[in-house]
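The next block holds one structure in the form of structure tokens; read it before the comments.
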Amino acid sequence: MSDYKKIEAKWQKKWEDEKSFVADNNSTKEKYYYLVEFPYPSGAGLHVGHCRSYTALDALARKKRMNGYNVLFPMGWDAFGAPAEQYAIKNHIHPSVAVKENIKTFKGQVKSLGLSIDWTREFSTTDPEYYKWTQWQFLKFFEKGMAYKAKKNINWCPNCKMGLSNEDSSGGVCERCGHSVEQREKEQWMLRMSDYAEDLIKGLDDTDFQERIKTAQINWIGKSEGAEVNFKVKETNEDLVVYTTRPDTLYGVTFMVVAPEHPIIEKNKNIISNMDEINSYKDAAKNKTEFERTQVNKDKTGVKIEGLTGINPITKKEIPIYISDYVMMNYGTGAIMAVPAHDERDFEFANKFGIDIIPVIEQITGTPRDDEKKKNSIVAVLFDEENNKYLTINWGNLGGRLFVGGTRKDNESPLECAIREIKEETGYTDITYMHDIFPINHHYYAHNKNQAYEIESTGLLFKLNSNKKVEVELDDDEKDNFKVEWVDKNKIEKEVVDELHITTFRNLLKPTAYIADGKMVNSDILNGLTNKKDSIEKMLEYLEENNLGKRKTNYKLQDWIFSRQRFWGEPIPLVHCKDCGWVAVDDKDLPVTLPEVVNYEPTDDGESPLAAITDWVNTTCPKCGNPAKRETDTMPNWAGSSWYWLRYMDAHNDKEFASKDALKYWGKLDFYNGGMEHATRHLLYARFWNQFLYNNGLVPNKEPFKTRVSHGMILGEGGVKMSKSLGNVINPNDMIKEYGADALRCYEMFIGDYEKEVAWSEQGLNGCKRFIDKIVRIGDKLSNDTSYTKELESIIHKTIKKVTEDIDNMKFNTAVSALMILLNKYEEQDKITKKDYRTFLLLFNPIAPHITEELNEKYDLGEQLCKSSWPTYDDEKTIDEEKEIAVQVNGKVRATMKISINEDEEEIKKKALALENVINHTKDKEIIKVIVIKGKIVNIVVK
RNA sequence: GCCUGAGUGGUGGAAUUGGUAGACGCGUUGGACUCAAAAUCCAAUGGUAGCAAUACCGUGUCGGUUCAAGUCCGACCUCAGGCACCA
């Protein structure tokens, strides 16, 4: 509707002219700082997904202003990095030109939404005035020894011709283009982010991030507490240190594994007798990508190192050493002690290579009691392959369905015992032993004997060969006690409830390592302990006392690879001098700007395009003045976004990245919205960067963000992802043209739970336009009254309360719904007052700012809404005098009735029992009790 | 495999934290207005049976706690996201 277009343009201009949303750095009001992650101004333009979070934060910001806060709600552009560069290469435009164009389009689109952004603080990360300070801050890292250059095996995308961080190459494919990633060795600038691992975990306590974001970060940092244990190599007497989180299982170590790259191999190549075999394994491992190597479901491979023998420091036992690629050189010490009984991977490896498995933890079932008698016993499962059934004994009331079980006689092995019991109880004799499982420590109480037992039970699996049977000799009364039955797996899972028997059955079918708590066995000093924590603690103390190892915490978080061999990034402001090494560019010479070049495409050899520009590369050493060369790598695109929220506080300061006063006044970012995909990357980098600045006295807060929220994605109609190839991409511009910005905003807020993904529906959008049309039409009903219409007073107060709370809690969908309900009530009236109408417009203003301002002005209802105060409500007026409540009989609703607020319980009871349909359901029955929950429900219990 | 979430009509989604399940919107059906269409307005709309009053069933599945369960507990299934040979 062109009317709406005109209205929108009018108000957008007015806000700009009147500087309505320019934040004041010198205000005495309380501050509040909202931010949406700044966008890449890509050529594709604005997406309806952008509109969702922009509108949401805009609504919050607008409401907060009406609540009397000094609100900062800025926006800028994250225009460095691969996306902008790829776009530029594709369209054969210089990145800086392309970026300028894209920003213009993008900004126009964003503006048409009518956001209350303070555009005076706008900047792009590609502005030299901005990246001057990115470079300046990088030099602080460099100064403090936090940046270093290292040869790194990096993830290389041959398609983008670019090195990628681990974060950018998860799953073994390039985040950007989907091409699979190769390994390449490169000298790279690194930031010591791993030094901050602990602080990054601890700092989360000072934030209000959603739990899912906190967990994602904690997982990513990957803290694990354990120990380094000094194993010895028998032949050379050197230490082979391993890292383990389970020192409690040390007695169960039956072999060791080192990573293929482990230096012990090269060091001892003269005494290792199978170096050829080992070298070819190493080569094979090297050629595998990180992704292939870290595939979980891959078969275990490895080679035994002939000529080196490990010695367990606790048991002094000699054990073999293997190399295998399931051990990583870059984590822990690159060597592990293997405990196949209690680690899945070691279990798999041991089974494949035929290595001993020694259990040191017994699974416990049942409940331990005092004064237990000890017994050894077996549980035998007999499998009939032909019919896919298992042999069970149905004891009926005496114990339900069980397998064959029994107590071992003196000197009887578990196998002998099992064969005997099967024969005695069921008669089957033609059976073959398959395998057994680790003993289980079971506790039970025999009521008939009035005695508690602790048994060590071995589970054994047999296969039935034929139905050959011997006669079972049973007493008459025994015969009636149980039935021998063949049943299938489903029935067993349902009917076998005895913990020992069902656990045995499951373990027999799927033998695995046992990793949970249990009773320590075969472990000398630990024997008898039943708690993992205690066992670990005891072993740690022992190791430390005897100098055999020490406590150690490890993190998965690696240092941040900070170089890119690309053109379109902030140049790393360092110079390499033959005599002085790496030297920082003087502050006065910042920014180091990008040269004007013709060819900005990346090179095949992986060098930055900058390296070819000799004029730019050749410079003088800032320290000694001799000829020197500039670093030609640039920063990753994460750099510019690692501190940008600080710049908004004082966006055009050319003396500092932001003044101390501004940093202090705006403080922490109160409310930060961004995609879930940035929960572990951008958000960690930004927190790390900020913590570093804080530790060096450059910012006043250690944690930069208070609250972090993520919006759900908007999918195409039908719930599929919007994509160009499917042709279901919705262009917000078209929607604004057709339905108006307010309708689009309203719909995106009404569409569903803000945090969940949701399917787009144009009909839904149309519904919101109808709602707005209705608001306009209802202006005809305006009377000159200046107080609330009496009939509407209660619902207006309720709606103010609801909308206030809902917007504060980001429950925009129910806020809009409450306004729809209120409008429906207005429609039922012949006339509504100016106050009725203005209150409605105020409440709807954060979501639909243009039309509400227009109507407010048209009917001369008062001051501009964005300059007015948020409406208040009277709690007393939100309480109903009369209420309809349900009357249940035995929990089923049989009638409803109206009660007034002060009616007492007896009266309500009486009224309820007199209701016709209640009588129908209570007559001929005894009324046991009547439950009255005031103002809610009556439930009559009858028999 | 582990860690988060989440499963409610034809559909997007509500449900005061244990108290009338399906608010509000969309769609659908019928009606009004109109020469007609659009727009607008009115009515109905979880399923089954019934003219109706009403009854039974119904929030992924199975079980439990409770006067009362979408909501709490236990087991499982499915989907989405994150992590993943990290010792």
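Below, chain A is the first sequence line, B the second, and so on; all start at residue 1.
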Indicate for each nucleotide in nucleotides 54-60 of chain B, in 5' to 3' sequence, whether protein heavy atoms under 4.0 Å reach the base (B), only the sugar-phosphate (S), or nothing (-). SSSS---
When you look at Ser794(A) and Thr878(A), which way does the side-chain contact (heavy atoms from CB on, under 4.5 Å) test go after all the steps? CA-CA 6 Å; Ser794(A) 163; Thr878(A) 64; over 6 Å; no
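- If you take OH on Tyr826(A) and CD1 on Ile778(A), they are separated by 8.5 Å, rounding to the nearest 0.5 Å.
- For the salt bridge (charged side-chain N to carboxylate O under 4.0 Å, His left out) test, no residue two or more places apart in sequence or in another chain qualifies with Lys883(A).
- Note: Lys552(A) NZ to Tyr243(A) OH = 8.0 Å, rounded to the nearest 0.5 Å.
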Check nucleotides 43-45 of chain B against the protein and report each pair of N or O atoms closer than 3.5 Å, with its distance, or say if there are none.
none

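- With both ends at atom C1', the span from rG31(B) to rA68(B) equals 42 Å, rounded to whole Å.
- In this structure, Ile885(A) atom CD1 and rU20(B) atom P are separated by 11 Å, rounded to whole Å.
- For Lys781(A), the NZ atom counts as densely surrounded, since its 6.0 Å shell holds more than 12 non-hydrogen atoms of other residues, nucleotides or ligands.
- Side-chain contact check for Ser224(A) and Tyr555(A): no donor-acceptor pair (N or O, by modelled atom type) lies under 3.5 Å.
- Donor-acceptor pairing under 3.5 Å is recorded for the side chains of Tyr326(A) and Asp346(A).
- In this structure Glu757(A) satisfies the salt bridge (charged side-chain N to carboxylate O under 4.0 Å, His left out) test with no other residue, sequence neighbours excluded.
- Ring planes of Phe771(A) and Phe840(A): perpendicular class, angle over 60° (limits at 30 and 60°).
- Rounded to whole Å, atom C1' of rG13(B) lies 14 Å from atom CD of Glu757(A).
- Classified by its glycosidic torsion, rU71(B) falls in the anti category, the angle being over 90° from 0.
- To the nearest whole angstrom, the two P atoms, one in rG74(B) and one in rG18(B), are 16 Å apart.
- To the nearest 0.5 Å, atom CZ of residue Arg708(A) and atom NZ of residue Lys214(A) are 14.0 Å apart.
- Regarding Ile772(A), its CD1 atom lies at a distance of 17 Å from the C1' atom of rA39(B), rounded to whole Å.
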Nucleotide N/O of nucleotides 14-16 of chain B paired with protein N/O under 3.5 Å:
{"residue": "rA14(B)", "atom": "OP1", "partner": "Asn813(A)", "partner atom": "ND2", "Å": "3.0"}

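- Separating the P atom of rG81(B) from that of rA44(B) is a span of 42 Å, rounded to the nearest Å.
- Note that CZ of Arg52(A) is 10.0 Å distant from CE of Met713(A), once rounded to the nearest 0.5 Å.
- Helical stems involving RNA chain B, defined as 3 or more consecutive Watson-Crick or G-U pairs under 3.5 Å, span B:1-7 with B:77-83, B:10-12 with B:24-26, B:27-32 with B:40-45, B:46-49 with B:54-57, B:60-64 with B:72-76.
- If you take atom P in rC73(B) and the same atom in rU66(B), they sit 16 Å apart, rounded to whole Å.
- In the model, Glu755(A) has no side-chain atom that pairs as donor or acceptor with a side-chain atom of His711(A) under 3.5 Å.
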Taking N or O atoms only and anything under 3.5 Å, show me the protein contacts with nucleotides 67-73 of chain B, one pair per line.
{"residue": "rC67(B)", "atom": "O2'", "partner": "Asn939(A)", "partner atom": "ND2", "Å": "3.0"}
{"residue": "rC67(B)", "atom": "O2", "partner": "Asn939(A)", "partner atom": "ND2", "Å": "2.6"}

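- At a threshold of 4.0 angstrom between heavy atoms, the contacts of Thr215(A) are confined to the sugar-phosphate backbone, with no base atom among them.
- For Thr680(A) and rG82(B), the shortest distance from a side-chain N or O to OP1 or OP2 is not below 4.0 Å.
- Computed from coordinates, the Trp220(A) CH2 to rC2(B) C1' distance equals 16 Å when rounded to whole Å.
- Residues that satisfy the side-chain contact (heavy atoms from CB on, under 4.5 Å) test with Val942(A), not counting sequence neighbours, are Val889(A), Asn890(A), Thr922(A), Lys925(A), Ile927(A), Ile940(A).
- For rA87(B), the OP1/OP2 oxygens have a side-chain nitrogen or oxygen of Tyr331(A) closer than 4.0 Å.
- Between Lys300(A) atom NZ and Asp325(A) atom CG the span is 9.0 Å, to the nearest 0.5 Å.
- For the salt bridge (charged side-chain N to carboxylate O under 4.0 Å, His left out) test, residues two or more places apart in sequence or in another chain that qualify with Asp248(A) are Arg246(A).
- Partners of Thr707(A) under the side-chain hydrogen bond (donor to acceptor under 3.5 Å, both in side chains) rule, at least two apart in sequence or in another chain, do not exist in this structure.
- Between rA23(B), rA87(B), rG13(B), one nucleotide has an atom nearer to the side chain of Ile821(A) than all others, and that is rA23(B).
- Toward the 5′ end of RNA chain B lies the nearest nucleotide of Tyr747(A), the other residue of the pair Tyr747(A) and Asn554(A) mapping further downstream.
- Judged as a salt bridge (charged side-chain N to carboxylate O under 4.0 Å, His left out), and not counting sequence neighbours, the contacts of Asp808(A) are Lys63(A).
- The separation of rC62(B) from rA69(B), taken at their P atoms, amounts to 15 Å, rounded to a whole angstrom.
- When each of Thr896(A) and Ile751(A) is assigned the nucleotide of RNA chain B bearing its nearest heavy atom, the one mapping closer to the 5' terminus is Ile751(A).
- For the C1' atoms, the distance linking rU48(B) with rG9(B) amounts to 15 Å, nearest Å.
- For Lys223(A) and Glu198(A), the salt-bridge test passes: some basic side-chain N is under 4.0 Å from an acidic carboxylate O.
- Rounding to the nearest 0.5 Å places CG of Asn673(A) at 6.0 Å from CE of Met810(A).
- Against the 90° criterion about 0, the sugar-base torsion of rG9(B) places it in the syn range.
- Going from atom CD1 of Ile899(A) over to atom C1' of rU20(B) covers 13 Å, rounded to whole Å.
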Short heteroatom pairs, N/O only, protein and nucleotides 25-30 of chain B, under 3.5 Å:
{"residue": "rG25(B)", "atom": "OP1", "partner": "Asn824(A)", "partner atom": "ND2", "Å": "3.4"}
{"residue": "rC26(B)", "atom": "OP1", "partner": "Arg770(A)", "partner atom": "NE", "Å": "3.3"}
{"residue": "rC26(B)", "atom": "OP1", "partner": "Arg770(A)", "partner atom": "NH2", "Å": "2.7"}
{"residue": "rG27(B)", "atom": "OP2", "partner": "Arg770(A)", "partner atom": "NH2", "Å": "3.3"}

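- One can place CD1 of Ile515(A) at 9 Å from C1' of rC2(B), the figure rounded to the nearest angstrom.
- Counting non-hydrogen atoms under 4.0 angstrom, Glu344(A) reaches nothing in the nucleic acid.
- Evaluation of atom-type donor-acceptor distances gives no pair under 3.5 Å for the side chain of Lys556(A) against the base of rC83(B).
- A salt bridge is defined here as a Lys NZ or Arg NE, NH1 or NH2 lying under 4.0 Å from an Asp or Glu carboxylate O, and Lys801(A) with Asp875(A) meets this definition.
- Ion pairing between a basic and an acidic side chain is recognised when a charged N comes within 4.0 Å of a carboxylate O; Arg777(A) and Asp773(A) show no such pairing.
- Rounded to whole Å, the separation between the C1' atoms of rG22(B) and rC33(B) comes to 32 Å.
- For the P atoms, the distance linking rG12(B) with rG7(B) amounts to 12 Å, nearest Å.
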